[in-house]
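These notes concern the structure reproduced below.
Just so it is clear, the values below take in all heavy atoms, side chains as well, and ignore hydrogens, waters and symmetry mates.
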Amino acid sequence: EEWKERGAAVGVRQEVDANGQIVNRPMKKGVKDFNFGRTLGEGSYSTVLAATDRQTMREYAIKVLDKKHIIKEKKVKYVNIEKDTLNRLTDHPGIVRLYYTFQDERSLYFVLDLASGGELLGVLKQYTTFDEECTRFYSAEILDAVDYMHRQGVIHRDLKPENVLLDSHMHVKITDFGTAKILDPPKNEGIGIAAGDPMDGANTDRAMSFVGTAEYVSPELLTEKNACKASDLWAFGCIIYQLLAGRPPFKASNEYQTFQKIVALDYVFPDGFPESARDLVERLLVLDPAQRLPMEHIKNHQFFAGVTWGKGLWKLKAPRLK
Ligand SMILES: Nc1ncnc2c1ncn2[C@@H]1O[C@H](COP(=O)(O)OP(=O)(O)OP(=O)(O)O)[C@@H](O)[C@H]1O
Ligand SMILES: O=C(O)[C@@H]1CCC(=O)N(CCc2ccc(Cl)cc2)[C@H]1c1ccccc1Cl
């Protein structure tokens, strides 16, 4: 009875294993285990709701995907990519954590960290621009998370302020891994050209079904159709520029003209753009991915002087935005 009692508290089911031992297997979570609250946002194929686990009272964000819609829009691969990448990225404070997945006849459910601070883009628009200290803090947290992602062999491919969420303490939580690329082990070196994947066939296949968001797309994705780790560092350079300038470096009235500016490296710094940030951005917005500043050199760049990388960074209090 006591074992049953203890098991019931944390939602486990007692079973007898192959050796005849009584074991506690965690019960698969389901819709009934949560109280659903407000809608946090809508995606093209999803609705994200705040929810509370009825046993533990912990709050989550639950992303609900409509099966019919996904099948109709041929996005089943994206669902599997999002699940597989999130299942690889479980051990970093700067990445939205996936706790459980489950389904019912109509929907798929992803139980995620709740990022109640909203999107970095929204906060940036509220303040127009960030000062150097805030830019340093947020870009350092983003970089720390990207470094972890790359070490796990994942390229995000769509980094942008909309996909950088904030938690209740205004720390970064990167999301939206449905368009990420998983590098197979043998290819996971240097700028790590990504291995082939179902979305765009084998790596040699030039036809690329996915391109990121126009303003943050790297030149190599536009010319050679290949994303690599350095493609995320290009997007990172665009984000630093945007936090300080209040707009992305490459922005035109339509996507095609934005792409023309990117491949021509046609951008200028506004007056008053801080010098050390300018130097770093200039070393990231480089057309040749192999010439772009690699991760370790970025961390050692003057702009990040004084930043403690790794766990320490995440213990700091987020700077007051002004
Ligand atoms: N873990 C989360 N915590 C809080 N809000 C979230 C979380 N994940 C997503 N959201 C919010 O819900 C909205 C929808 O997110 P979702 O990832 O489902 O779609 P999307 O990626 O924004 O859109 P699309 O699928 O078209 O790219 C987003 O605008 C985001 O702000
Ligand atoms: O890979 C998994 O974890 C399971 C495996 C069993 C299963 O049936 N699913 C759902 C598969 C699926 C994917 C897309 C659609 Cl539109 C419908 C079903 C998978 C699944 C369940 C819940 C949430 C997401 C996914 Cl991919």
Side-chain angles (χ1 to χ4, degrees), residues 28-31 34 36 39-51 60-90 95-115 118-119 121 145-146 149 152-165 173-184 194-218 221-222 225-228 231-232 235 255 258-259:
K28 182 85 180 152
K29 293 273 182 192
V31 176
F34 298 91
F36 285 81
T39 298
L40 295 163
E42 308 269 343
S44 319
Y45 320 98
S46 52
T47 301
V48 180
L49 301 160
Y60 295 97
I62 300 189
K63 183 167 177 170
V64 186
L65 299 125
D66 181 85
K67 287 182 181 177
K68 279 199 184 61
H69 188 41
I70 290 169
I71 292 168
K72 186 161 58 61
E73 301 289 319
K74 299 187 176 31
K75 297 292 174 188
V76 176
K77 288 179 192 116
Y78 283 83
V79 172
N80 285 301
I81 294 257
E82 180 159 35
K83 179 181 58 74
D84 294 346
T85 41
L86 286 174
N87 281 333
R88 265 179 182 231
L89 304 174
T90 56
I95 293 172
V96 163
R97 172 115 186 248
L98 174 62
Y99 295 91
Y100 320 103
T101 59
F102 48 85
Q103 60 181 312
D104 56 25
E105 56 292 335
R106 272 189 56 182
S107 308
L108 301 173
Y109 299 83
F110 286 63
V111 181
L112 302 158
D113 273 324
L114 170 62
E119 299 176 357
L121 181 70
V146 170
M149 222 185 273
Q152 302 301 313
V154 172
I155 306 174
H156 188 282
R157 292 204 305 180
D158 198 13
L159 282 177
K160 53 182 178 176
E162 293 94 313
N163 287 337
V164 178
L165 304 184
K173 288 268 182 220
I174 295 179
T175 187
D176 217 351
F177 287 86
T179 48
K181 221 167 174 61
I182 297 179
L183 295 167
D184 296 341
D197 80 324
M199 255 191 288
D200 57 5
N203 204 25
T204 50
D205 177 343
R206 287 289 170 234
M208 183 84 148
S209 62
F210 171 71
V211 161
T213 305
E215 287 76 12
Y216 307 89
V217 164
S218 57
L221 213 58
L222 294 172
K225 303 277 176 206
N226 256 331
C228 53
S231 308
D232 281 344
E255 280 200 355
T258 299
F259 292 156

Worksheet entry | Any donor-acceptor N/O pair, D232 side chain to I155 backbone, under 3.5 Å | no
Discussion item. For E119, give me all partners under salt bridge (charged side-chain N to carboxylate O under 4.0 Å, His left out), at least two apart in sequence or on another chain.
Written reply: none
Worksheet item: Do N87 and T101 have side chains that get closer than 4.5 Å, going by heavy atoms?
Response: no
Worksheet item: What pairs with Y100 under ring-ring contact (aromatic ring centres under 6.0 Å, His included), at least two apart in sequence or on another chain?
Response: none
Worksheet item: For A180 and R157, which heavy atoms make the closest approach, and how far apart are they?
Response: O-NH2, 3.8 Å
Discussion item. If you compare all heavy atoms of V79 against all heavy atoms of L108, which two are closest, and at what distance to 0.1 Å?
Written reply: CG1-CD1, 3.6 Å
Item to complete: Name all residues meeting the side chain to side chain contact (heavy atoms under 4.5 Å, CB included) criterion together with D104; count only those two or more places apart in sequence or in a different chain, and write none if there are none.
Response: V31, R106, S107, Y109
Worksheet item: Any side-chain heavy-atom pair from K29 and Y99 closer than 4.5 angstrom?
Response: no
Item to complete: With sequence neighbours excluded, tell me which residues meet salt bridge (charged side-chain N to carboxylate O under 4.0 Å, His left out) with D176.
Response: none
Worksheet, complete the sentence: Closest heavy-atom pair, K173 versus V96, reported as atoms and distance to 0.1 Å, is CB-CG2, 3.7 Å
Worksheet entry | Heavy atoms from other residues, nucleotides or ligands near NZ of K72 exceed 12 (cutoff 6.0 Å) | yes
Fill in: Candidates L86, D84, N80 - the one meeting side-chain contact (heavy atoms from CB on, under 4.5 Å) with E82
L86
Worksheet entry | Shortest non-hydrogen contact between A61 and L40, atoms and distance | CB-CD1, 3.9 Å
Discussion item. According to side-chain hydrogen bond (donor to acceptor under 3.5 Å, both in side chains), who are the partners of T90, at least two apart in sequence or on a separate chain?
Written reply: none
Fill in: Qualifying residues under side chain to side chain contact (heavy atoms under 4.5 Å, CB included), relative to T213, sequence neighbours excluded
D158, K160, E215, Y216
Practice prompt. Check the angle between the aromatic planes of F102 and F34 and answer parallel, tilted or perpendicular using the 30° and 60° thresholds.
Written response: parallel
Discussion item. Measuring only between side-chain heavy atoms, which start at C-beta, is F110 closer than 4.5 Å to L65?
Written reply: yes
Practice prompt. Identify the two heavy atoms, one from A235 and one from L159, that lie closest to each other, and give their separation to 0.1 Å.
Written response: CB-O, 3.7 Å
